[in-house]
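Each chain gets a letter, A, B and so on, in the order the sequences are listed, and its residues count up from 1.
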Amino acid sequence: MWKRRDREEEQPARSTPEPAKENTPLSNTPAVRSFESDAPRGVATIGKAVYIKGQIIAREDLVVDGSVDGTIEAQEHRVTIGPNGKVAATIKARHIIIQGQITGNVEGAEKVEIRNGAKLLGDVRTVKFVCEEEGTINGSVSSLRPESKSAPAAEPKAASATPPAQQTLTPNDPKK
Amino acid sequence: MSAVLDKLRNLFQPDDHPPYLPSYRPPPVQPTAPKQLTRPSNSLEQFFLALDGQDRLKILDLCGSPATTEFLFQQDHIPRPDPFYRALELAFGNGAGYLDRQLEPDRVDIFVAHTLDHKEGEFDAVLLWDSLQYLRPELLEPVLEQIFSITRPGAPLLAVFHADERIEEVPVFSFQVQGRNSLFLAEKDRRRPAQHFNNRMIEKIFKNFASTKFFLARDHLREVLIRR
């Protein structure tokens, strides 16, 4: 009898911690994303076991921790090359953070950061450039500022100059 | 028992250790901390004065330190860090035999073909730092020819040579530009220089260049501003 009661008492006691066990695997998932802990929602991630060949156009922030061979464009967003990332591509983005290896030119409309352990073989064009002590670059680093300022200024002038030219041309067109 | 212990101790002594001093232990060598210092540099100031009034100049930096790259970028220039020191290590090693390996013509040819491989007259200024003092004459000559060809006429070049001729190994520094006349030096290693450069020898190796100007700096360093 005593044994039966003991078993009956133990059973409900065992049943309570079971839901807690179900939660344990979920709690392990953030550890995988340790280096991107500050990344907000809406971040696309290319994992370290993924290889992509071709053109990537991102309309959200992108983390590349795998291999990419081609081009990466995220004009309005941030591209992070993770510590395992091996990229042979031209990258154009608003903000580029490099922790892995890149072979190719990099253009950051706002900022390019080269973190410790990163290796970049290619040219950088950006407005703000930061390189940590153990980051390696083999390429030139030039400012995007003067060209980005002059380019929009030149376009309206050209646009305003062309319509009158077209207008004057049409009446004098010998075919008409 | 003590005699046996002494014999055992002798087993672990180096071969050249005197056998009549079995219990002798040399005093432990205190590892000296790598030297790090920030100091003003007149040659660096002159280098930047030569660049004044011009922006977006392409500047080759053979030390390739991130701090220098950031500084030159902030000055509105186009820094080009070059892994020259790393290439030197890869081609000739960094051990005691690195100078002997510079005598091998095939190695020299491969190094020259793959290093400083830039367009003719591409750079408006060059930061050579102390790179040249680790090159034997057999390697120094083609490297200087290459540097001459990739810089535009009138371009300033800044080089540093260790001035103490008695010293066998000179400190290998990482040179970081912190301001227009402020230089941070961090000792990375010590290495035997290929040759000691006095003023006459420096003038001789830069004989194809327009001018050389010497600056006596601290820490047994001789800084030289060269005009292409």
Self-check item: Contact class of Val124(A) relative to chain B, heavy atoms under 4.5 angstrom
Solution: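 The answer is neither part of Val124(A).
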
Quiz item: Between Arg56(B) and Ser143(A), is there a donor-acceptor pair closer than 3.5 Å when you use the side chain of the first and the backbone of the second?
Solution: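 Yes, the answer is positive, given that a donor and an acceptor are paired below the 3.5 Å cut-off.
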
Practice problem: With sequence neighbours left out, write down each residue that passes salt bridge (Lys or Arg N to Asp or Glu O under 4.0 Å) with Glu145(B), or none if nothing qualifies. | Solution: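 Glu145(B): no salt bridge (Lys or Arg N to Asp or Glu O under 4.0 Å) contacts found.
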
[X], [atom1]: over 12 other non-hydrogen atoms inside 6.0 angstrom:
X	atom1	value
Glu76(A)	CD	no
Glu134(A)	CD	no
Arg107(B)	CZ	yes
Arg192(B)	CZ	no
Glu104(B)	CD	yes

Minimal non-hydrogen separation, [X] against [Y], with atom names:
X	Y	answer
Phe73(B)	Val141(A)	CD1-CG1, 3.7 Å
Asn138(A)	Arg80(B)	OD1-NH1, 2.8 Å
Phe129(A)	Thr69(B)	CE2-CG2, 3.8 Å

Quiz prompt | Min side-chain heavy-atom separation Glu132(A)-Pro66(B) under 4.5 Å | solution =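 No, every pair of side-chain atoms sits at 4.5 Å or beyond.
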
If you tally heavy-atom pairs under 4.5 Å against chain A, which of [options] wins?
options	value
Ile78(B), Leu60(B), Leu72(B)	Ile78(B)
Ser174(B), Ser65(B), Pro79(B), Ala67(B)	Pro79(B)
Lys58(B), Gln176(B), His77(B)	Gln176(B)

Quiz item: Taking every heavy-atom pair that is under 4.5 Å apart, which of Gly139(A), Ser142(A), Ser140(A) has the most such pairs with chain B?
Solution: Gly139(A)

